[in-house]
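Worksheet for the structure shown next.
For reference, positions follow the sequence shown, starting with 1.
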Amino acid sequence: MIEDLHHASPAVPGSALGAVRLADWGVIRAQGEESAKFLHSQLTQDLALQTPRQARLAGFCSAKGRLLASMLAIKPDDQSVLMALPAEVLPATVKRLSMFVLRAKTKLSDDSAAWAVWGLSGAQARDWLGEAAPAEVWSVGRLALADGGEGYATRLPDDGLTPRFLLLQPAAAPAPALPLIDPEEWQGLDVTAGLAWVREGTVEQFVPQMINFELIGGVNFQKGCYPGQEIVARSQYRGTIKRRTHLFALDGVDADVRPGQEIFHSEDGEQPAGMVAGFGRQEGRPLLLAEVKLAALESGTLHLGGPQGPLLSPRPLPYLIGAPE
């Protein structure tokens, strides 16, 4: 059974506790009095009712309901929205969103040079944030900086044991006073949390539910229309979700894995059974999130790159994957 693969994960190793500058991330700024209203009409989440103490995990979909980008959106004030996302999809996202602005009172721009994006993990990171450490997932704490500026710390999903935060602070602000961790170890924390970000290799590959986006707070099914909304809703309520993302380890293999690589079933070398949605490491061991056909989990084995490629060994996710309600 699918549910049997999912239960509490072991504790995060010490090598993944601390802080890492996410140099491969960028920030989009939407500036203007109708910024939230405009983005509300384009993204999978409700930005109209979002408060400064709330973050939104949101997706930007094509007309076919396929994710073009995923991002974390916060509201520093009532005139602006900041969206943090992988830098490799940022230019295309700004360009495409800007096509729909029309008469809306907002301006979209790449604001990456003004911000540093940091990943923070562990009790020490929570203590360093102090009162700015939010307790609830997708909530935001405001960090007062020595120069009078402000940083924004969002509580991220985790493995159920170790707190994680995404910190946006001005680029000139000092680095967090925490041990440095390797970027791939941080990505491993995303993987064990079951959180896959859309990367260049996975643009337009997934309807949100294929990467469990709605299970971790990335889709609001009560909000108004947005590009692809009808397809996303139909997938949810008509039981047409035939592919889901699961967590796997590559035991005994030190492979370079990239999002977008194909996954094959041991009994079918002709058609891929899935695709890598996210990759990271845990104490050096490769871990990946793979979107796979549910039927491919019923028998046989899954392999990276081909039916004779490295074996994917199932590992638990911190949430259950069940049938749509």
Side-chain angles (χ1 to χ4, degrees), residues 18-40 42-43 45 47 50-60 68-101 104-120 125 128-130 132-134 138-156 164-178 180-181 183 186-187 190 197-200:
V20 58
R21 173 74 181 267
L22 301 180
D24 62 336
W25 276 60
V27 176
I28 298 172
R29 175 183 286 275
Q31 187 68 40
E33 61 184 88
E34 293 184 337
S35 294
K37 179 181 178 181
F38 166 72
L39 292 170
H40 180 84
Q42 298 298 318
L43 305 180
Q45 259 292 3
L47 273 72
Q50 180 184 2
T51 73
R53 292 290 179 178
Q54 298 172 328
R56 292 286 194 255
L57 174 67
F60 180 38
L68 300 165
S70 56
M71 62 205 69
L72 180 75
I74 63 171
K75 284 183 175 178
D77 53 64
D78 59 6
Q79 296 285 316
S80 60
V81 178
L82 297 176
M83 294 171 283
L85 70 166
E88 62 209 77
V89 299
L90 188 153
T93 302
V94 171
K95 182 177 180 180
R96 190 176 180 94
L97 277 171
S98 297
M99 293 169 56
F100 300 102
V101 169
K105 296 178 181 178
T106 185
K107 181 179 180 181
L108 301 173
S109 61
D110 181 349
D111 210 30
S112 302
W115 297 95
V117 185
W118 289 84
L120 311 180
W128 179 81
L129 287 169
W138 306 128
S139 57
V140 178
R142 296 191 169 215
L143 179 66
L145 302 174
D147 63 357
E150 195 170 48
Y152 309 98
T154 298
R155 181 71 181 261
L156 296 176
R164 299 199 308 138
F165 309 89
L166 193 77
L167 173 66
L168 270 67
Q169 64 177 24
L178 293 166
L180 294 178
I181 61 178
W186 170 261
Q187 292 167 9
D190 274 339
W197 300 97
V198 175
R199 298 277 183 172
E200 187 174 24

Between CG of Leu120 and CG of Leu156, what distance do you get to the nearest 0.5 Å? 9.0 Å

Does Met71 reach the side chain of Ile28, with side-chain heavy atoms less than 4.5 Å apart? no

Which heavy atom in Pro86 sits nearest to a heavy atom in Trp197, and how many Å separate them? CG-CB, 4.0 Å

Distance-minimising heavy-atom pair for Ala113 and Ala171: O-CB, 3.5 Å

Would you call the rings of Tyr152 and Trp115 parallel, tilted or perpendicular, taking 30° and 60° as the class edges? tilted

Gap between atom OG1 of Thr154 and atom CG of Leu166 - 0.5 Å precision: 6.0 Å

Could you walk me through whether Arg155 and Trp138 satisfy the side chain to side chain contact (heavy atoms under 4.5 Å, CB included) test, starting with their C-alpha distance in whole Å, then the side-chain angles of each, then the deciding distance to 0.1 Å, before giving a yes or no? CA-CA 5 Å; Arg155 181 71 181 261; Trp138 306 128; over 6 Å; no

Evaluate the criterion side chain to side chain contact (heavy atoms under 4.5 Å, CB included) for residue pair Arg199 and Asp24; output intermediate values, then yes/no. CA-CA 11 Å; Arg199 298 277 183 172; Asp24 62 336; 3.1 Å; yes

Heavy-atom side-chain proximity of Val89 to Leu68 below 4.5 angstrom: no

Looking at every heavy atom in both Ile181 and Gly18, which two are closest together, and how far apart are they? CG2-N, 3.8 Å

Minimum-distance pair of heavy atoms, taken over all atoms of Pro170 and Leu145: CD-CD1, 3.6 Å

Got a donor-acceptor contact below 3.5 angstrom from the Ser112 side chain to the Val27 backbone? yes

Residues which pass side-chain contact (heavy atoms from CB on, under 4.5 Å) with Gln50, listed by chain and number, not counting sequence neighbours: Leu47, Gln54, Arg56, Lys75

Inter-residue atom distance Leu168.CG - Met83.CE, 0.5 Å rounding: 11.5 Å

Is there a side-chain contact between Arg142 and Ile74 in this structure, where contact means two heavy atoms from C-beta onward sitting under 4.5 Å apart? no

Any sub-3.5 Å donor-acceptor pair from Gln169's side-chain atoms to Pro174's backbone N or O? yes

Qualifying residue, where the test is side-chain contact (heavy atoms from CB on, under 4.5 Å) with Phe60 and the options are Leu39, Leu43, Leu85: Leu43

d(Ser35 OG, Lys107 NZ) to nearest 0.5 Å is 12.0 Å

Would you compute the distance between atom CG of Leu180 and atom CH2 of Trp118 and round it to the nearest 0.5 angstrom? 6.0 Å

Tightest non-hydrogen contact, residues Gly141 and Arg53, listed as CA-NH1, 3.9 Å

Nearest 0.5 Å, what's the CG-CG distance between Leu143 and Leu129? 6.0 Å

Minimal non-hydrogen separation, Phe165 against Pro134, with atom names: CE2-O, 3.6 Å

Within 45° cone and under 6.0 Å: Arg21 NZ/CZ vs Trp186 ring: no

Could you give all pairs that pass the salt bridge (charged side-chain N to carboxylate O under 4.0 Å, His left out) test and reach residues 26-37, with sequence neighbours left out? Arg29-Asp111

